[in-house]
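Per chain, numbering begins at 1; letters A, B, ... match sequence-line order.
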Protein chains: 2
Amino acid sequence: MSERQRVGRRRVTQQDVARAANVSTAIVSTVVNNKADTLRVSEQTRARVWQAIQDLAYVPNAAAQSLAGGRNRLIGAFTYQRLFPWESRDFYYEFLLGIEEEAEQTGHNLLLFTGARNDAGERSIFNRNANLLELADGAILVGGRIDGDEIRRLAEEGYPFVMIGRRDAAGPKVSWIAADYAAATQMVVDRLHALGHRSMLLVAGRRTHETVVERRTGFQAARRRHRLGDRAQTVVFGEPNPDLPDATCLADETEVLRFARETGATAVIAESSYVIHRIYEVALAAGVRIPGDLSLVGLGDHGDRQNVLSPDPALTLVHTPSRLIGATAVRTLLRRLDAPGSKPDQIRIQCELSEGTTVAAPPRRKAGK
Amino acid sequence: MSERQRVGRRRVTQQDVARAANVSTAIVSTVVNNKADTLRVSEQTRARVWQAIQDLAYVPNAAAQSLAGGRNRLIGAFTYQRLFPWESRDFYYEFLLGIEEEAEQTGHNLLLFTGARNDAGERSIFNRNANLLELADGAILVGGRIDGDEIRRLAEEGYPFVMIGRRDAAGPKVSWIAADYAAATQMVVDRLHALGHRSMLLVAGRRTHETVVERRTGFQAARRRHRLGDRAQTVVFGEPNPDLPDATCLADETEVLRFARETGATAVIAESSYVIHRIYEVALAAGVRIPGDLSLVGLGDHGDRQNVLSPDPALTLVHTPSRLIGATAVRTLLRRLDAPGSKPDQIRIQCELSEGTTVAAPPRRKAGK
DNA sequence: AGCATCCGCTAAAGCGCTTTAGCTAAGGGT
DNA sequence: ACCCTTAGCTAAAGCGCTTTAGCGGATGCT
């Protein structure tokens, strides 16, 4: 029967298969998509159809499937910023890594909405009331900055999407996948406490972010649990941070070290690997031994894989499992596509502590006292 | 007239627009796609249609467009490897940067074919004779490894695509955008020659690649031009390279330095920034002053932006304008879409020399002789 | 006046697929 | 012997778009 692909340059269609197998296209469709509940097909017929599909080298047309059925195996990815930004180059990278991996696993293509913008020329989900993401089966929204109004509206419309990063601002109906920074921070404090540290500092950056607040929450919880009271303080660089009203304001890294000495803190936890790195350098210059005199931990490693891949020094850091987050976002989205209208998934992903060489037991003189 | 988006959850279609503007769908299609040659439409009607489009917030359905044989503003990107690989992380990055930029500029979405694979589960353009890229208007193929057969077939089919990287293997009909490594290498030699260098070494890596050959070509041309003869030699690490039969084989960086001393070479040009960096370190350890005693130039910076962004040392490097290449690829693809069947574009992009601190005039004793 | 053009538009035929409605024949219950 | 069910299938209606064929009417040419 081997009829092959002789049909000019014409595509082999479902029709061709149907003819060859002596059935209707409905049957072919059902067989191809393995839909048991749509139509009943006997084993015999099923086999005949597969045979014809093989013989003719039939592959379904994605556009047609999409048009007819709704699903087209396209997963969208939307960001308000450039997906491949010049600065902060590594921010999206690992998310995309995970997203790509999972998309590949599940046989989906990835649609980057680089063309989605409003009349003002800004990246945007809607333009003149039109949902620009509609082409894809669903989408993953990733990014630091978001437009809460658009997100809310998207959710109202029933468009299936999953956000990366916790998004309380967008309302309770939004599905998201986010790193569990609160738990991670608690874990760090637990770890330090177990080593014998009884006094520590949390250093926050100057910009406010959902993550800052979350880390602070974890810090406070751990502080309460271990009854650290004043011996677990939060400090902020530069101007006061409105979200951390009771935090002490310090000018720079040197000040942080001074403050640590004064309050007897034996460990410093900083919001990002960048900040902790700066503190590390200043401490070293000031003759403070790390980790002998002072333990150092960073709570994030976004934006600088440098420290992860070629650790110098090997800072002890909380690692954000971005890749896993990306993959989970895809899986979650697919699940939502299969069960539309189910209640939102809001998933926290555990962070790992990447052990470096900047954490140890506190110095004796304090401990022995 | 503001009828808005009331229509249940139903999509706003061309029909709706046509009705609202009191024209046929043919007119709407023509207006939307700005096709002057298909159908003539008066200015008045055109305005009325746009108005209706505005009012109804109409967005074309890409799947339908695609099915019906039109354009859908989707630019595909295909790679045989992961687009976001864990290792060699930076290889695709800058290309994507440029591609995204240009796609955004021109209002196109980017479709990453992460789902395109054959029955064996490998990434592939065709599966059982079906072109899996068909959903997009055209595609950019980027990557080191390629399957020449698939590419040739794609070209035969008339599918519009542009490759990144020169691809002679794929035949003369293929459009490509590539860095001009030959010219870059010549430029480097010219530069060294102008500074007074009369004897230099080209160090190639062990793996063969189109680019290696091209750099070699440039080197040889410059050598001929400046009548350097034996004073411009090529060396290879480890095993002999089949593409460079007359190159001297050396075990490692130390050997290269020894060889340079023996032959009186005052400058070393290495294929990649990685290799030149290694040589730099070994030289420093051996007490060779850079650039006092020896000038060092790298011919590529792929895969390690490290040196570009935080130069330490500031190696003198040929910079591959990947971003520009990506952007050019998109522009070229769009041009080809407008003029299908035109003769292939094969564009070489000039490299830049990023001045570092590892190049200077050769040492006096040689020059003064 | 008569014919050929050209302009501006409509009608309708697909593109390849999914899905619903319905049909036939075989079997089961009463 | 009758009706009902069920298994296994077909026919056909779209999904939303592009494009071709063709149709009136206005205009130009002779």
Among dC17(D), dC17(C), dC9(D), which nucleotide sits nearest the side chain of T13(B)? dC17(D)
Is a salt bridge present between D149(A) and R152(A), judged by a nitrogen-to-oxygen distance below 4.0 Å? yes
What I'd like to find out is whether the side chain of [X] reaches to under 4.5 Å of the side chain of [Y], using heavy atoms alone.
X	Y	answer
N34(A)	R46(A)	yes
M163(B)	I146(B)	yes
L334(A)	H108(A)	yes

If you take any heavy atom closer than 4.0 Å to DNA chain C, which residues from residues 26-36 of chain B end up in contact? A26(B), I27(B)
Using a cut-off of 4.0 Å on non-hydrogen atoms, how would the nucleic acid contact of T45(A) be classed: base, sugar-phosphate, or nothing? sugar-phosphate
NA contact type, N22(B), heavy-atom cut-off 4.0 Å: base, sugar-phosphate, or nothing? sugar-phosphate
When the nearest nucleotide of DNA chain D is assigned to A68(B) and to T38(B) on a heavy-atom basis, which residue is associated with the more 5' position? A68(B)
Length of the [atom1]-[atom2] vector between [X] and [N], whole Å:
X	N	atom1	atom2	value
Q65(B)	dC17(D)	CD	P	7 Å
R71(B)	dT18(D)	CZ	C1'	14 Å
R40(B)	dG22(D)	CZ	C1'	15 Å
Q15(B)	dA11(C)	CD	C1'	12 Å
L67(A)	dA13(D)	CG	P	17 Å
D37(A)	dT19(C)	CG	P	9 Å
L39(A)	dT10(D)	CG	P	9 Å
D16(B)	dC17(D)	CG	C1'	13 Å

Short side-chain N/O contact to [N] OP1/OP2 from [X], under 4.0 Å:
X	N	answer
S24(A)	dT10(D)	yes
Q14(B)	dT18(D)	yes
S66(B)	dC17(D)	no

Which residue, T25(A) or G69(B), contacts DNA chain C at a nucleotide closer to its 5' end, judged by nearest heavy atom? G69(B)
Taking T114(A) for its side chain and E104(B) for its backbone only, find out whether a donor-acceptor pair lies under 3.5 Å. no
Test item: E150(B) side-chain N/O and F126(B) main-chain N/O as donor-acceptor pair under 3.5 Å: yes
Does a sphere of radius 6.0 Å around CG in N22(B) hold more than 12 heavy atoms from other residues, nucleotides or ligands, not counting ones at 6.0 Å or beyond? no
